[in-house]
Each structure stands twice: as structure tokens, then as C-alpha cells.
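Counting convention: from 1, in listed order, for ligands and their atoms alike. In this text the structure is predicted, and so the values were computed from the model without any measurement.
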Amino acid sequence: MTQPPIPAHALPVVARAPGKCILFGEHAVVRGQPEVLLAIDLYTQVAIRPSPEWRLNGHAGPVADHRYLQTAIREVWTTGTPLDVTAVSRIPKASGMGSSAAFVSGLVAAMGAVQGGVDRATLAQQVFTIEREAQGVGSPGDTSAAIAGGYLTLNTDVAAVGEALWTVTAGEERWTVRRIADPGWVWVVAYSGLPKATGPKVQAVGERFSSWEGPDLLRRFSEVAVAGLRAMAQEDRTETGRLLEENQRLLREVGVSHPRLEALIEATQPAAVGAKVTGAGGGGSIVALPKPGQETDLVRRLARAGAVPFATGPAARGVELV
Ligand code: PMV
């Protein structure tokens with residue numbers, strides 16, 4: 001499914017973008033390895049209006065220190081007119097569910113609409129450039145999911161994958177983003193309540209990837225992600241669950257799990273075919289694939305274990321004007 005471009009629209013503009021959940025390949029994707037993820041049914045809505053001065057949620061104070069907003073103003077807002085930017089989000093912050101990517105995607109899509117409209121490939125590059133500049137590290141997985149919606153894979157070119165949507169670059173690095181089929185499953189994503197910090201985790205794992213064991217680790221991450229992609233293409237739930245567990249063993253090995261996340265993974269067991277950390281880790285969220293018909297039970301178990309769980313299918317559409 002090709003998504004239409006963001007059309008031209010005069011101020012005020014409201015855009016909304018979905019969060020994301022990584023199923024396979026986080027961290028290794030930063031080094032150009034395969035990743036599999038989906039846009040999830042939780043959104044950030046961003047409104048921009050003319051204003052006598054720059055404001056964020058009605059206040060001028062936070063604007064100067066907001067790295068994402070400052071970078072977006074510098075990178076894409078060519079008209080120079082100050083705006084009042086209002087954001088409302090259902091995506092928990094620093095949870096590994098892509099709240100910053102959804103905010104920047106909504107903001108830049110809204111800015112693009114005012115500046116004559118923008119196609120999604122351009123938007124994918126702009127939003128990634130802003131995220132990368134503000135965050136210092138990272139891959140375009142989150143931003144691409146917020147822009148494209150649905151299920152995506154990065155850096156895979158195997159029989160199971162569909163349409164290539166775009167290639168996004170940062171200097172010499174490149175990531176190709178493709179759409180994959182929806183296996184038709186409900187996922188349960190559960191926030192541990194522990195905020196995570198992407199930058200330090202990506203740095204720490206990056207050091208492991210640069211060490212003597214790096215090539216072997218990257219190969220194992222890649223193999224699990226490609227096998228996961230194939231299992232999903234065959235709608236093989238049991239095998240996908242087994243591969244989620246295998247991916248979790250690798251995430252543990254590179255040090256991004258946490259006792260709290262392990263306890264949540266443990267709590268999913270009777271009702272899930274597999275579960276793992278999703279996102280940068282060290283806190284944040286887990287994702288679990290329920291056994292058929294056990295979605296509600298899984299949500300209940302995770303809530304009882306103290307997490308904030310969401311049952312979600314894919315958000316079929318990426319960022320759009322509302
Ligand atoms: O935890 P999040 O939502 O910031 O996801 C990070 C995913 C990484 O692969 C660790 C980094 C990236 O940008 O791909």
C-alpha cells in the first residue's frame with residue numbers, strides 16, 4: 001500500500017503520527033543490519049498555529065532547550081514565521097515506543113504541508129536527519145515507521161519482503177526501508193515504567209559491536225531478524241515466538257536487559273509464544289506475541305506484574321493531516 005504524500009495546507013495544521021515497536025534487530029540496525037518493526041496504534045498529534053513568538057504547548061520558555069524543535073526549525077522551517085506548537089501524545093515518553101519520532105514526524109509533516117506539501121521519502125530523510133542530529137546516534141527505523149505506518153523491515157532484501165519505500169542516509173551510512181505483509185496478529189507491548197536512554201545504550205552496545213566479538217554478534221543478530229521476517233511471512237506464530245526469545249538472548253548478551261524487564265518477560269510465559277525487550281533497553285518496554293486467544297489474559301498478567309500494557313495491531317497509516 002503506497003501512502004499519499006502530505007498535501008499542501010495553510011496554517012493552522014494538525015498532523016498525527018504513530019509510535020512503533022521493534023520486533024527484531026534493534027541495536028544491530030544502527031550498524032546496517034536487518035530490523036523488523038511495526039507502527040503501533042498509539043499516536044502523537046501535533047498542531048502548529050501562527051504565533052507572535054515561538055511557543056511549545058503555549059509557553060515560550062521550553063522552546064530554546066527543545067533539541068528536536070530547534071533542529072526542525074533550523075532544518076526544515078524556511079518561512080521564518082514563529083509558531084505555537086502543541087503536542088498531545090498517548091505514547092509514553094522514553095518507553096521505547098517511538099514518542100520522539102512520532103513528535104518530529106507530526107511536526108515536520110505539518111511544517112511540510114504549510115510549505116507546499118511533501119512526499120514521504122523526503123519526509124523520511126528530513127525527520128531522520130533531525131532525530132539523528134538531536135540524539136547523536138541511531139537508525140531510521142522509528143522515524144520510518146511513524147511516516148509509513150504498517151509493518152516494515154530495514155536492510156533486508158529477501159524473497160519475503162515487498163516494495164522498497166525509501167533509502168535514508170547519514171553521511172556514508174544508508175538504510176533501505178521496505179514494507180512487509182501484516183501477519184494479522186495482535187501484539188502486546190508493555191511499558192515497565194522505567195524510562196530508558198537511547199544514546200548511552202546505543203554507545204555501549206556500539207562498543208561491543210566494535211570489539212573482537214562484533215562481527216559474530218552482528219551476524220547472529222542479522223540471522224535472527226531474517227529468520228523472524230520469514231516466520232512472519234509464513235504467519236508461523238510459534239516460530240516467530242521462538243525467534244523473539246532468541247533475539248532476547250542476544251539483547252541480554254549485549255547488556256540491554258534489566259531485572260525488571262526480565263520479570264515482565266517471565267510474567268508473559270503462560271500466555272505468550274515469545275517475548276523480548278523492544279527498543280534500546282535498560283528500561284523501557286517489552287513486546288510479547290500472545291498465544292491464540294490469550295491476548296486479554298496476557299494484558300492482565302502484565303498489568304498485574306506492574307507494567308502498563310497495550311494490545312496493538314499495526315497502525316496501518318503513517319503520519320497524516322487531521
Ligand atoms: O528505544 P528506542 O525507541 O529509542 O529505539 C532504539 C532502537 C535502537 O536500535 C537501539 C536505536 C536505533 O535508532 O535504531
Strictly below 4.0 Å, N to O, side chains only: are Arg249 and Glu253 in salt-bridge contact? no

Go through ligand 1 atom by atom and flag the ones less than 4.0 Å from a non-hydrogen atom of Val202. 10 (C), 11 (C)

Among all protein non-hydrogen atoms, which one is nearest to atom 13 (O) of ligand 1, and what is the separation to 0.1 Å? Ser139 N, 2.8 Å

Lys20 heavy atom under 4.0 Å from ligand 1: yes

Does a side-chain N-to-carboxylate-O contact under 4.0 Å join Glu53 and Arg55? yes

Looking only at heavy atoms, is any part of Val205 under 4.0 Å from ligand 1, and if so is it the side chain, the backbone, or both, or is it neither? neither

Closest non-hydrogen protein atom to atom 6 (C) of ligand 1, residue and atom name please, with distance? Ala280 N, 3.6 Å

Do we see a donor-acceptor contact under 3.5 Å between the side chains of Thr79 and Gln115? no

Cationic N near anionic O, under 4.0 Å, Arg67 to Glu133: no

For Glu26, take its heavy atoms, then give the atoms of ligand 1 lying under 4.0 Å from any of them. 9 (O)

Between the side chain of Arg120 and the main-chain N/O of Val319, is any donor-acceptor distance below 3.5 Å? yes

Between Ser257 and Gln248, do the side chains contain an N or O donor and an N or O acceptor separated by less than 3.5 Å? yes

Would you mind running through ligand 1 and noting each atom that sits below 4.0 Å from a heavy atom of Gly96? 1 (O), 3 (O)

For atom 9 (O) of ligand 1, find the nearest protein heavy atom and state the residue, atom name and distance (0.1 Å precision). His27 N, 2.8 Å

Under 4.0 Å from any heavy atom of Val29, which atoms of ligand 1 are there? 9 (O), 14 (O)

Close-contact set for ligand 1 against Ile22 heavy atoms, below 4.0 Å: 7 (C)

Less than 6.0 angstrom from the centroid, inside 45 degrees of the normal: does Arg31 satisfy that with respect to the ring of Phe209? no

Presence of salt bridge, Glu213 and Arg220, under 4.0 angstrom: no

Can Asp142 and Lys20 be counted as an ion pair, charged N to O under 4.0 angstrom? yes

Heavy-atom proximity to atom 2 (P) of ligand 1, best of Glu131, Lys196, Lys201: Lys196

For atom 4 (O) of ligand 1, the protein heavy atom that lies nearest, with its residue and separation: Thr198 OG1, 2.6 Å

Based purely on interatomic distance, does Glu35 place a nitrogen or oxygen under 3.5 Å from a nitrogen or oxygen of ligand 1? no

